[in-house]
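Here is the structure we will look at, set down as structure tokens.
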Amino acid sequence: MTYKGLTKGDKILIITILLVSVLSIFTVKTLTYDVPKKIVVIESQGREVKRYVLGPELEGETVRIKGQLGYSIIEIGKDRVRMLESACPDKHCIEAGWISRPGEMIVCLPNRVIIRLLGVKEDVDDITY
Amino acid sequence: MRVKTTKLIFLSLLVSLGIALHIIESFIPFPVAVPGAKLGLANIITLLTLIIYGFKAGLTVSILRCIITSLLTGSPSSLIYSLSGAVLSLFLMAFAYFYTKGIFSLVGISIIGAQAHNLAQISVASIILKNAGLFLYLPFLMIIGLFTGYFVGLAVIMTQRILEKNLKITAIRGFYG
């Protein structure tokens with residue numbers, strides 16, 4: 001079989017995948033707007049273990065969370081949060097860096113630790129993603 | 001009997017090539033920090049097995065490759081992720097190759113495989129972590145899978161051309177080959 005370039009089906013497939021992914025990235029970005037009050041939710045092995053309301057008083061705090069492989073250390077900044085240390089082998093969660101927008105999350109699959117940011121509207125007692 | 005032995009040897013070679021590619025792949029730094037994103041070089045082998053030896057052989061090779069690599073790299077917990085991805089992508093690629101003759105080239109089939117792999121891994125991960133929010137990563141993985149799938153497909157086309165020229169592969173082509 002000689003290669004005759006992309007077929008029509010290929011092109012339709014590629015364009016569809018591009019459209020779907022770019023559109024969904026934009027939808028997610030518009031849904032995760034910046035809000036003044038944010039909540040950090042830390043989950044380990046499928047269960048929520050810690051929950052903080054971000055504020056200046058928590059700046060510089062570190063939290064030790066026990067995951068499946070060992071401890072994960074999470075650093076809380078003024079309006080953001082990151083994975084400082086992790087017992088996982090690939091360290092993708094540390095490479096992810098700081099997250100600061102509600103709806104963003106850091107996932108450590110090997111250690112089964114998830115850090116999620118939720119936004120809270122000031123007047124309504126409601127959680128938005 | 002001779003044909004059977006030749007096939008057995010080729011399949012074992014393909015398994016070991018898949019394992020080697022999987023391990024080499026982990027040495028190549030990947031510039032995008034999205035968890036689960038990878039080149040998917042081992043899919044070259046899966047797709048080659050599928051088009052040369054058929055569906056059953058492809059399934060055997062990819063399952064064996066997953067089990068052995070997870071033992072070799074010392075992370076048996078990742079077996080369920082790689083196995084689910086490999087099996088779903090193999091099923092969809094086999095379907096696209098044998099039942100939609102001519103619509104997709106091998107590049108398209110390889111892209112289908114990459115997307116199926118992403119979908120399966122994200123689904124399994126969100127079931128294990130009990131968090132559907134992981135699907136937020138899917139669009140990023142889809143774009144990456146588009147590029148890696150494209151080049152994996154090209155690699156398969158080139159490899160197949162050389163294999164057919166230089167080896168007399170006594171293959172039984174077909175879905176149940």
Side-chain angles (χ1 to χ4, degrees), chain A residues 1-29 31-32 41 43-48 67-69 83 88-97 101 103-118 129, chain B residues 26 30-38 51 73-75 77-78 81 96 100-112 114-115 118 121-122 124-147 149-150 153-154 156-158 160-161 164:
Chain A
M1 189 190 102
T2 48
Y3 182 51
K4 300 183 219 54
L6 295 178
T7 62
K8 209 173 174 184
D10 288 347
K11 286 173 191 158
I12 294 172
L13 181 76
I14 291 174
I15 290 168
T16 319
I17 291 168
L18 260 183
L19 273 182
V20 169
S21 48
V22 169
L23 279 180
S24 40
I25 287 175
F26 271 113
T27 338
V28 168
K29 277 272 185 278
L31 285 177
T32 62
V41 179
E43 289 171 23
S44 174
Q45 300 178 52
R47 279 198 307 275
E48 183 180 323
Q68 196 167 43
L69 299 176
M83 190 76 86
C88 60
D90 47 15
K91 314 282 182 205
H92 283 311
C93 47
I94 300 174
E95 285 166 27
R101 292 156 72 98
E104 282 189 311
M105 60 169 86
I106 299 175
V107 181
C108 185
L109 220 44
N111 209 14
R112 293 183 63 183
V113 171
I114 301 178
I115 311 168
R116 285 203 285 170
L117 268 185
L118 304 179
Y129 287 88
Chain B
S26 63
F30 201 67
V32 196
V34 179
K38 55 183 181 188
I51 61 181
T73 52
S75 52
S77 62
S78 69
Y81 301 112
T100 61
K101 222 49 182 176
I103 297 180
F104 301 113
S105 72
L106 284 176
V107 169
I109 291 168
S110 156
I111 291 175
I112 291 175
Q115 303 302 340
N118 287 339
Q121 282 204 321
I122 292 267
V124 168
S126 55
I127 290 168
I128 288 179
L129 292 170
K130 300 190 190 73
N131 189 333
L134 284 181
F135 278 95
L136 288 180
Y137 285 129
L138 191 60
F140 296 100
L141 287 178
M142 277 168 79
I143 292 181
I144 295 167
L146 211 55
F147 288 99
Y150 181 81
L154 282 185
V156 171
I157 288 164
M158 291 169 191
Q160 187 203 20
R161 202 182 290 158
E164 288 192 339

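Hydrogens, waters and symmetry mates play no part in the numbers below; they use all other heavy atoms, side chains included.
- Side-chain contact between B:Leu146 and A:Ile14: present, with at least one pair of heavy atoms (C-beta onward) separated by less than 4.5 Å.
- In terms of heavy-atom proximity, A:Val20 sits nearest to B:Met142 at CG1-CE, 4.0 Å.
- Proximity to chain A is absent for every atom of B:Leu138, based on heavy atoms less than 4.5 angstrom apart.
- A:Leu13 approaches B:Phe104 most closely through the heavy-atom pair CB-CE2, 4.1 Å.
- Residues forming a side-chain hydrogen bond (donor to acceptor under 3.5 Å, both in side chains) with A:Glu48 (at least two apart in sequence, or on another chain): A:Arg51.
- Side-chain atoms of B:Ser105 do not come within 3.5 Å of backbone N or O of A:Leu6 as any donor-acceptor pair.
- Taking each heavy atom of A:Ile25 and B:Pro139 in turn, the nearest pair found is CG1-CB, 3.5 Å.
- In this structure, CG on A:Asp10 lies 6.5 Å from CD1 on B:Ile111, to the nearest 0.5 angstrom.
- Contact of A:Ile17 with chain B is made through backbone and side chain together, with heavy-atom distances under 4.5 Å.
- Scored by the side-chain hydrogen bond (donor to acceptor under 3.5 Å, both in side chains) test, A:Ser21 finds no partners at all (sequence neighbours excluded).
- Closest heavy-atom contact between A:Leu109 and B:Ala125: CD1-CB, 3.9 Å.
- Proximity to chain B is absent for every atom of A:Gln68, based on heavy atoms less than 4.5 angstrom apart.
- For the pair A:Val22 and B:Ile143, the minimum side-chain heavy-atom distance is below 4.5 Å.
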